[in-house]
Number of protein chains: 2
Amino acid sequence: MNQSQILQSLIAENLVSDPSGARGRLLTEAARLFREKGYERTTVRDLAAAVGIQSGSLFHHFRTKEEILKAVMVETIRLNTALMQAALEAADTNRKKLRGLVRAELESINGQTGEAMAVLVFEWRSLSAASQVEVLELRDIYEKLWLDVLESLKHEGALEADPFVVRRMLTGALSWTVTWYKPERGGLTLDGLTDQVMAMMAL
Amino acid sequence: MNQSQILQSLIAENLVSDPSGARGRLLTEAARLFREKGYERTTVRDLAAAVGIQSGSLFHHFRTKEEILKAVMVETIRLNTALMQAALEAADTNRKKLRGLVRAELESINGQTGEAMAVLVFEWRSLSAASQVEVLELRDIYEKLWLDVLESLKHEGALEADPFVVRRMLTGALSWTVTWYKPERGGLTLDGLTDQVMAMMAL
DNA sequence: GACAATACCAAGCAAGCGCTTGGTTTGTAA
DNA sequence: TTACAAACCAAGCGCTTGCTTGGTATTGTC
């Protein structure tokens, strides 16, 4: 299954909104604006204007502004969990599995879903405590995929450091690429960047 | 020179504010609040209440709210540049110099100046474009300290990946520790964490 | 003790915010 | 055609925001 096939099946299961539908379009624009200006600086009037409706009409689709932020995050995690699972299935050795995860996460961060991924990282504090708990549960599933592979590598002797620590370092390092990585002509490709990450870890 | 001696000499040169003075206390509280709730969610009334004055009185010390954010960032970079320089002087080999930088940055992020460091990372977008340019100039000096060491390590053959990329990965990985690292009794110490970082890079 | 300069307060303004309201248009299906 | 719900608009309410204003303590200096 490739990336768009995964997206299609998630839409069919009603786990993520169709980007061509009204709700999906709003979430896409919301992710873009939240990333560009931050959640607090983005007004409901900005959001409404981005999809061409009046600000009040937003509240027909979502009860509060925060609900929009939560929806962006929840759908992003759902999509990425599926993407990581696919990356794992495509690899046979643990080393290749880790490379697959790194490559897939870099693609999520710097590709089409990058805005939503950045929101997940940088707008976390804007979520209410209640919503944070809800989203964290989904995140645990996602993180377990990484930890399983890293622990296997440790048992193989290919990894010296602690898997928990390594995953957290990787989370920071990979998320941060969104602030500097620009795949321009002749520069570093996503595969090249993945190579650099693996080289840095001497893997 | 130890950490507090460095701070003292910067205060003497008027490069950072004395934390016991009025301006310094405000900046400390501002860093705490900006980190805790974010810049946008922190009101001038919150800031004023934290130092025990009226909200209007803030504008006797700073012309705008944004100027407070900028001051937090500028002083943080100044202090940290001095700390990194001290770490470099205390080491003889390049490997030890890198370890010194990692250790010092982890201490900045997770120690007393941690709040201000987190603000520097997470509230960047809240700075106006003009202020961003100003702060970036200071940041370049800071980054050069890292790049020099990493480039030397590459020439020695101890490092395979590109120094620019490695530094950026480290920036992300180390900043991110602020979201999860808690030096609790019996857990990972700052030195232990530094070891993990070096081990991850097989250095 | 006179006199600035500095630090602060009390009050409030103008603008922008999230969200609500009452009513109209659009899509769908019998 | 009728019926009805979903989607939307126009207007604006109530509140909070950053910041200003005019005046009053407090501090340092000679």
Side-chain angles (χ1 to χ4, degrees), chain A residues 11 14 17-73 119 123-132, chain B residues 11 14 17-73 119 123-132:
Chain A
I11 292 170
N14 242 345
S17 311
D18 190 338
S20 61
R23 185 187 154 98
R25 266 202 0 266
L26 174 59
L27 290 182
T28 305
E29 290 298 315
R32 219 200 66 237
L33 286 167
F34 289 164
R35 180 191 160 185
E36 189 181 311
K37 331 205 302 178
Y39 173 77
E40 310 289 346
R41 286 178 111 95
T42 304
T43 69
V44 292
R45 288 165 181 83
D46 292 334
L47 291 170
V51 290
I53 59 174
Q54 289 298 104
S55 66
S57 308
L58 274 186
F59 296 90
H60 175 73
H61 300 279
F62 295 90
R63 287 211 315 271
T64 63
K65 182 188 170 191
E66 197 222 343
E67 205 171 78
I68 300 176
L69 177 62
K70 192 173 99 181
V72 168
M73 293 189 173
V119 168
E123 305 301 331
W124 183 250
R125 265 177 331 189
S126 297
L127 262 196
S128 68
S131 300
Q132 284 190 8
Chain B
I11 292 171
N14 243 346
S17 311
D18 189 340
S20 61
R23 185 187 153 99
R25 268 201 359 264
L26 174 61
L27 290 182
T28 305
E29 290 299 316
R32 219 200 67 235
L33 286 166
F34 289 164
R35 186 201 151 174
E36 188 181 311
K37 330 203 304 179
Y39 173 78
E40 309 290 344
R41 287 176 108 95
T42 304
T43 68
V44 292
R45 286 163 182 82
D46 292 335
L47 291 169
V51 290
I53 58 174
Q54 291 297 104
S55 68
S57 307
L58 275 185
F59 297 88
H60 174 73
H61 300 279
F62 295 90
R63 286 211 316 273
T64 62
K65 182 188 170 191
E66 197 222 343
E67 205 172 79
I68 300 176
L69 178 62
K70 192 174 100 182
V72 168
M73 292 188 172
V119 169
E123 305 302 332
W124 182 251
R125 265 176 330 186
S126 297
L127 262 195
S128 68
S131 300
Q132 284 190 9

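Side chains are part of it too, since the values below use all heavy atoms of this structure and drop only hydrogens, waters and symmetry mates. Throughout, protein chains are lettered first and strands after them, A, B, ... in sequence-line order, and every chain is numbered starting at 1.
- The closest donor-acceptor contact from the side chain of K65(A) to the backbone of F59(A) lies at 3.5 Å or more, if one exists at all.
- The shortest distance between side-chain heavy atoms of F34(A) and L47(A) falls below 4.5 Å.
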Pairs under 3.5 angstrom, nitrogen or oxygen only, protein versus nucleotides 13-15 of chain C, please.
none

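- Close to dC8(C), at under 4.0 Å from its OP1 or OP2, lies no side-chain N or O of H60(B).
- Residue pairs meeting the side-chain hydrogen bond (donor to acceptor under 3.5 Å, both in side chains) criterion with at least one member in residues 47-60 of chain A: none, sequence neighbours excluded.
- Remark: D46(B) pairs with K37(B) by the salt bridge (Lys or Arg N to Asp or Glu O under 4.0 Å) rule, at least two apart or across chains.
- With sequence neighbours excluded, the residues forming a salt bridge (Lys or Arg N to Asp or Glu O under 4.0 Å) with R41(A) are E40(B), listed by chain and number.
- Taking the charged nitrogens against the carboxylate oxygens, R125(B) and E123(A) do have a contact shorter than 4.0 Å, which makes a salt bridge.
- Salt bridge E29(A)/R32(A): present, at least one basic N to carboxylate O contact under 4.0 Å.
- Near DNA chain D, meaning a heavy atom under 4.0 Å away, there are no residues from residues 21-42 of chain A.
- Considering only the side chain of K65(B), dG18(D) comes nearest among dA10(D), dG18(D), dC19(C).
- Taking the side chain of I53(A) as heavy atoms from C-beta on, and the options dC8(C), dC8(D), dC19(D), the nearest nucleotide is dC8(D).
- Taking every side-chain heavy atom of Q54(B) into account, dC9(C) is the closest of dC9(C), dG18(C), dG18(D).
- Nearest heavy atoms, L27(A) versus F62(A): CD2-CZ, 3.8 Å.
- The minimum heavy-atom distance linking S131(A) with K70(A) is given by the pair OG-CD, 3.4 Å.
- For the 3.5 Å distance criterion, the side chains of S126(A) and E66(A) fail to qualify, holding no donor opposite an acceptor.
- A straight line from CG of L58(B) to C1' of dC19(D) spans 10 Å, rounded to a whole angstrom.
- Atom CG of L47(B) is separated from atom P of dT17(D) by 11 Å (rounded to the nearest Å).
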Working for side chain to side chain contact (heavy atoms under 4.5 Å, CB included), residues I53(A) and L26(A)
CA-CA 10 Å; I53(A) 59 174; L26(A) 174 59; over 6 Å; no
Nucleotide N/O of nucleotides 20-29 of chain D paired with protein N/O under 3.5 Å:
none

